[in-house]
Amino acid sequence: MKSDAIKKNPGRAAHRSLLYALGMTEGEMKRPFIGVVNSFNEIVPGHVHLRTLTQAVKEGIRAAGGVPFEFPAIAVCDGLAMNHIGMKYSLVSREIIADSCELMLQAHAFDAVVFIPSCDKVVPGMLMAAARMNLPSIFVSGGPMLPGSHRGQRVGLSNLFEAVGSHANGDISDEELTAMEMSACPTCGSCSGMYTANTMNCLTEAAGLALPGSGTIPAVYADRIRLARQTGEQIMTLLDQDLTARQILSEDAIRNALRVDMALGGSTNTILHLLAIAREAGYELSLKEISQIGDTTPQLCKLNPFGSDFITDLNDRGGITAVMAELAKSNLINLDVPTVKGSVGQRISKMEGADGNVIRPVNKPHAADGGLAVLFGNLAPNGCVVKKGAVLPEMMLHEGPARVFENEEDVTEAIFSRDIKPGDVVVIRFEGPQGGPGMREMLTPTSALAGMGLDSKVALLTDGRFSGATRGASIGHISPEAAIGGPLAYVREGDRIRVDIKNRKLDVLISDEELAARKPAVMPVRKLSGVLSRYAFLAAPSHEGARMLLPKEADQ
């Protein structure tokens, strides 16, 4: 056992003495040591209940013969961090989570690990750590929040952000906005739509690193507690089998996850995270490969924010197992890939697949191609992404004049001042991994436009990110970013820009010669310190996952 490094032989007497100080018994000293990473805190709704799940995990570990040791991980709530300086720290927290897990797991010689994430950057951060450490590993998420209810209609957090735009437009009263904010988030758990947190938890299950149901069972169900206990038991089986994270998180497993992502119409942020996770697993995933997968995978689901169904509805229809079973009917899923319990083929063998409503049949999908699309063009030579499944048909091809802004604050002010007009193409630059730094999500401008009824008339482009709760023609992750001289830095107010999602193109309609003759815009002065300074210096481009590079990589 790896833990023998801190507990075996006479030379480890001092180590054992420290462990006995915890109240351990001599019998426990002979058992496997299992790390339990609990991302509980008291500020994030998706994490406030994780003590209960962590306790169930530890009970499962003990029942199966292991000794659990709980330690914490940080968690940022993207909703609370939105539209202020806090969002610069959200993506950076993914790197801190991965690094802190590595530190704890290496320093204390754990034999295996159970990861308990819930929200946006915690899931990919822990997945990066799992791939990096390559221990027997398993995940159980905190589960999704139940949808809220307002005037007889189910609502999620995205609806509330859009309501702010409707309120600014004079369409709803102060009282109605207050009523919505009191009801949109009725329980603990990750926000109820197919936003980034829920998408990443679903993809963790699809990749085989979690038991069935981990992505979709609601946070407040007793099933979630039972699943946590079963997860604790199952990590001991993985340890006995010496089945490690990278053996499960193979190239084929990541492709399976991408197929599911396209079928679900998940968050664009998943593309960024899977690029980073794949690299930790030793797989150089590219946007071109993701584009090929998206072009050949039908979209089977349309969940909130673009549809009326929620994660709870998906769970009731069989969840991720049912989605994978339906995709397998067209040979789009690799069935031989191992999971934390059996192969993918074994996992889906008793599942019929689509219900015909929440999950469409593979031969009658919402769209023949996936819910996410990768675009290329003279504005994005290295690619960019859009949640195609959440774009209205009339916006699949859009051409209009550029309205150029150097940061999110300025464009938000322009929107609420009604300075953005139908037909415009809003450009938000210097918000990329290095330029932001931190590649902020910009849900406030996109939801404000939707709330004002402009999501059918205005496109948004950025080298930053858009929230998983975003809908509309919002194209993010434009690479290279403006801060390093990408084409976005050369766009001027009034330039004609064409967004052609069907043909996967994004272009500014000027000649290469004119573009090359221009001087780039000057990035606004930033006063950086601490972790943001380090991230700005070490951040990889978004088409490589925006992870923090090792110093030797940064020099190349």
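Values in this document were obtained by computation on a predicted structure and should not be read as measured data. Every heavy atom of this structure was used, including side-chain atoms; hydrogens, water molecules and symmetry mates were not.
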Polar side-chain atom of [X] near backbone of [Y] as donor-acceptor pair, under 3.5 Å:
X: Ser214; Y: Ala210; answer: no
X: Glu95; Y: Met548; answer: yes
X: His398; Y: Gly423; answer: yes

Side-chain donor-acceptor pair present, Ser149, Arg154, cut-off under 3.5 Å: no
How far does [atom1] of [X] sit from [atom2] of [Y], to the nearest 0.5 angstrom?
X: Leu449; Y: Ser474; atom1: CG; atom2: OG; result: 8.0 Å
X: Leu454; Y: Thr446; atom1: CG; atom2: OG1; result: 12.5 Å
X: Arg347; Y: Met324; atom1: CZ; atom2: CE; result: 7.5 Å

Name of the residue among Leu249, Leu272, Thr270 meeting side-chain contact (heavy atoms from CB on, under 4.5 Å) with Ile277: Leu249
Matching residue for Ile311 among Asp316, Thr199, Leu264, Thr216 - test: side-chain contact (heavy atoms from CB on, under 4.5 Å): Thr216
Should [X] and [Y] count as side-chain neighbours, where that means a heavy-atom distance under 4.5 Å?
X: His273; Y: Thr196; value: yes
X: Glu289; Y: Ser286; value: yes
X: Ser343; Y: Asp336; value: no
X: Lys88; Y: Arg526; value: no

Full working for salt bridge (charged side-chain N to carboxylate O under 4.0 Å, His left out) between Arg255 and Asp252: CA-CA 5 Å; Arg255 292 190 188 103; Asp252 286 332; 3.1 Å; yes
